[in-house]
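Read the structure below first, then the notes.
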Amino acid sequence: MTRTKIKDLLNATDFGRQVTINGWVKTFRNNQFIAINDGSTINNIQAVVDFTNTDEALLKRITTGAAVSVTGTLVESLGKGQRVEVKVSQLEILGDSDPEKFPLQPKKHSLEFLREIAHLRFRTNTFNAVFKIRHALAFAVHKFFNEKGFVYMHTPIITGSDAEGAGEMFRVSTIDPDNIPRNEDGSINYKEDFFGRPTNLTVSGQLEGELAAMAFGEIYTFGPTFRAENSNTTRHLAEFWMIEPEMAFYDITDNMDLAEELLKYLIRYALGNCGDELEFLRNRLLEEEKQKPQNERSELDLLAKLQFCLENDFERLTYTEAVEILRNSKPNQKKQFKYLIEGWGADLQSEHERYLVEKHFKKPVILTNYPAEIKSFYMRLNETDEQGRRTVRAMDILFPGIGEIVGGSQREERLENLLGRMDELNIPAHEMDWYLDTRRFGSAPHSGFGLGFERLVLFVTGMTNIRDVIPFPRTPKNAEF
RNA sequence: UCCCGAAUAGCUCAGCCGGUUAGAGCAUCUGACUGUUAAUCAGAGGGUCGCUGGUUCGAGCCCAGCUUCGGGAGCCA
């Protein structure tokens, strides 16, 4: 008999029919009730074994984690707590699971412990929910852009460009570290290397994305990105996934509109398609919050928080306006900030961003027009204002609990200005000739942004450590599995 | 990389002022029970107290270094 997925059975009403289900044992209670999960839903189905007529040796093998195949009759449950169950007529152990060795027990485990057994944590309810939502969000990203006519562009993962300026890079090389080819002056002879030149893992697909946007109009990338920064935080990974749309003829306002629309679309998609998973995570968070003192608990539960995000416009303000708010804020006046806001020009610290998002506006915030000095070379320069301040058309979207989830800008399309900025920041223009050609031949105003996929998953799932929303996290000193 | 904290049974933790035989709950095992919902009841087994060195009559506890983990900061997405 072909197997039926548990998801379909839990909604079925055609009682009396014979079904086969394959899955993994979550719990085995009272020598007769097996809770089975097959991954099709976060919910289990209960299979009832007639233990008086079943071989005792077989019953002993029904242990937490074992893979089983069960055939029986779909019936209305005789007990409370579930609507349907399967009355077992045939039970086969597909794969045993030694209960003395299987590390997952029918009890709560800490996320820290589960991180150590990341290869098995998929089998827990929490990670079942998290990775189902991750899948749904990834699918929705493509759905959104496809519906809008964007072209999905595969930018290279191995890049020959080392001037992207987005962070420290991982070197890609086949040179034997015990036998490094050298030039006469002692430097490494990259001509002997696989590509005949130094290469790295990409830190961003933006520059290549811009090339494609100058032909297709609207493109996006969605792929792995690598940063060799020694960052040890709950928001950073050495390998993460980033969504980077790049659009010709978009100014910074169009750019913000698109980013806000995308984020709301993705959240709405999760709410509409991951109800069971979000409900589970919502309750999980509520349980967790019970441990905390009253004043540290969040005002909204997970679903309400997501809903709130959909129903309200993101607050848009300039860096200059933000600095004014911060300068006059209580924590600044009372000198509670670690870094006090004195004047214009300094980069905002995360305590400032958190104040704006979580205390002042209490909703997502889009900050624009940062000082040119603290931003990248490719961002479009604004007119210098009366006070001589130079700003660029950057926009960062800050989310509560997450911080920066989107970073983007209108790009500098004027060749002279771009060359000037590259010169200021000591970026060798001759190595970027291919990029500069976009400005030489049919340059046009354009914009784009990067959305950190894991940070989005963090927000939607309510998880707090980025290592728990990617299957196998890569962080400094950790590349297990 | 910097600041703070932690590391004791499979898991989550307790362990007082340094004192001789290191505890609990859960899990596991054995038995009982048999419409359970993280079943329940009774009993049992289970420890290189992260590693290395030091102080001391005596170290899980004090000191130093290291490792790993967690929280925060910086960098950013």
Side-chain angles (χ1 to χ4, degrees), chain A residues 26-35 43-52 59-60 63-65 75 77-82 85 87 97-117 124-125 164-168 203-206 222 224-244 259 287 291 337-339 347-354 374-376 394 396-399 402-408 449-459 464-470 475-478 480:
Chain A
K26 300 288 272 199
T27 61
F28 183 38
R29 279 186 298 271
N30 218 350
N31 216 18
Q32 48 184 328
F33 303 106
I34 320 173
N43 300 309
N44 306 322
I45 196 160
Q46 175 159 290
V48 187
V49 185
D50 177 9
F51 64 94
T52 52
L59 287 172
K60 282 250 182 292
T63 57
T64 303
V75 296
S77 180
L78 301 173
K80 284 170 188 154
Q82 59 280 315
E85 62 190 24
K87 200 165 177 291
S97 174
D98 184 343
E100 297 208 48
K101 292 186 180 138
F102 187 59
L104 295 174
Q105 303 155 4
K107 59 167 279 188
K108 256 207 184 92
H109 292 289
S110 67
L111 295 172
E112 290 84 359
F113 170 67
L114 292 172
R115 236 169 264 155
E116 289 170 20
I117 50 165
T124 64
N125 292 331
E164 290 168 26
E168 289 297 309
V203 292
S204 163
Q206 179 198 318
F222 184 8
T225 311
F226 308 87
R227 305 264 168 99
E229 305 283 352
N230 192 7
S231 300
N232 292 288
T233 80
T234 53
R235 301 176 304 281
H236 291 84
L237 290 163
E239 175 184 295
F240 64 100
W241 288 65
M242 189 154 61
I243 297 140
E244 294 179 285
E287 283 298 313
Q291 316 291 323
F337 282 141
K338 194 170 165 222
Y339 299 90
D347 208 351
L348 301 183
Q349 306 294 314
S350 57
E351 60 180 344
H352 306 135
E353 296 182 346
R354 267 210 312 279
I374 57 172
K375 288 289 181 182
S376 305
D396 285 358
I397 304 187
L398 311 176
F399 262 38
I402 309 287
E404 188 175 340
I405 195 168
V406 164
F449 61 85
L451 165 63
F453 186 57
E454 283 75 18
R455 291 189 181 173
L456 172 75
V457 182
L458 266 186
F459 182 75
T464 50
N465 191 317
I466 202 162
R467 290 154 212 218
D468 295 329
V469 299
I470 187 166
T475 51
K477 301 279 177 292
N478 181 15
E480 187 86 41

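In what follows, every heavy atom counts, from backbone to side chain, and hydrogens, waters and symmetry copies are set aside. In what follows, every chain begins at residue 1, and chains take the letters A, B, ... in the order their sequences are listed.
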Does [X] reach a base, just sugar-phosphate, or nothing at all? Heavy atoms under 4.0 Å.
X      : answer
A:T233 : base
A:F113 : sugar-phosphate
A:E239 : nothing
A:P103 : nothing
A:L78  : base
A:Q349 : sugar-phosphate
A:T64  : nothing
A:F51  : base
A:H236 : base
A:L237 : base
A:E454 : nothing

Side chain of [X], base of [N]: donor and acceptor closer than 3.5 Å?
X      : N     : answer
A:R227 : B:A77 : yes
A:S231 : B:C75 : yes
A:Q82  : B:U36 : yes
A:E229 : B:G74 : no
A:E85  : B:G35 : yes
A:N31  : B:U36 : no
A:R455 : B:C76 : yes

Rounded to whole Å, please give me the gap between [atom1] in [X] and [atom2] in [N].
X      : N     : atom1 : atom2 : value
A:D468 : B:C69 : CG    : C1'   : 13 Å
A:K107 : B:U12 : NZ    : C1'   : 5 Å
A:E112 : B:A6  : CD    : P     : 15 Å
A:K108 : B:U12 : NZ    : P     : 14 Å
A:F102 : B:G10 : CZ    : C1'   : 12 Å
A:I34  : B:A39 : CD1   : C1'   : 15 Å
A:L114 : B:C11 : CG    : P     : 11 Å

Test your reading of the model: is there a side-chain donor-acceptor pair from [X] to the backbone of [Y], 3.5 Å cut-off?
X      : Y      : answer
A:E351 : A:Y339 : yes
A:T63  : A:S97  : yes
A:E454 : A:F240 : no
A:Q46  : A:Q82  : no
A:R354 : A:G403 : no
A:N465 : A:R467 : yes

Q | Closest to the A:N30 side chain, choosing from B:G25, B:A73, B:C33 | A | B:C33

(Q) Is A:F453 stacked against the base of B:A77, taking the criterion as centroid distance under 5.5 angstrom and interplanar angle under 30°? (A) no

[atom1] atoms of [N] and [M], separation to the nearest Å:
N     : M     : atom1 : answer
B:U52 : B:U48 : C1'   : 14 Å
B:A59 : B:G54 : C1'   : 11 Å
B:U21 : B:U8  : P     : 22 Å
B:U28 : B:C11 : P     : 15 Å
B:C49 : B:G23 : C1'   : 12 Å

Q) Of all residues at least two apart in sequence or in a different chain, which pass the salt bridge (charged side-chain N to carboxylate O under 4.0 Å, His left out) check with A:D468? A) A:R115, A:R121

Searching all strands shown, indicate the nucleotide that pairs with [N] (Watson-Crick or G-U wobble; both distances under 3.5 Å).
N     : answer
B:A6  : B:U68
B:U56 : none
B:G46 : none

[X] side-chain N/O to [N] phosphate OP1/OP2 under 4.0 Å:
X      : N     : value
A:N465 : B:G71 : yes
A:N230 : B:U1  : yes
A:R354 : B:A73 : yes
A:T225 : B:A77 : no
A:S110 : B:C11 : no
A:R115 : B:G70 : yes

Q: Would you mind calling B:C17 syn or anti? Take O4'-C1'-N9-C4 for purines or O4'-C1'-N1-C2 for pyrimidines, and syn is within 90° of 0.
A: syn

Q. Pick the nucleotide of RNA chain B nearest each of A:W241 and A:K477; which residue has the one closer to the 5' end?
A. A:K477

Q. Mapping A:K338 and A:F240 onto RNA chain B by nearest heavy atom, which one lands closer to the 5' end?
A. A:K338

(Q) As a test of understanding, state which of A:I397, A:T234, A:L458 forms a side-chain contact (heavy atoms from CB on, under 4.5 Å) with A:I402. (A) A:L458

Q: State, without any angle test, whether A:T27 and A:R29 hold a side-chain donor-acceptor pair at a distance under 3.5 Å.
A: yes

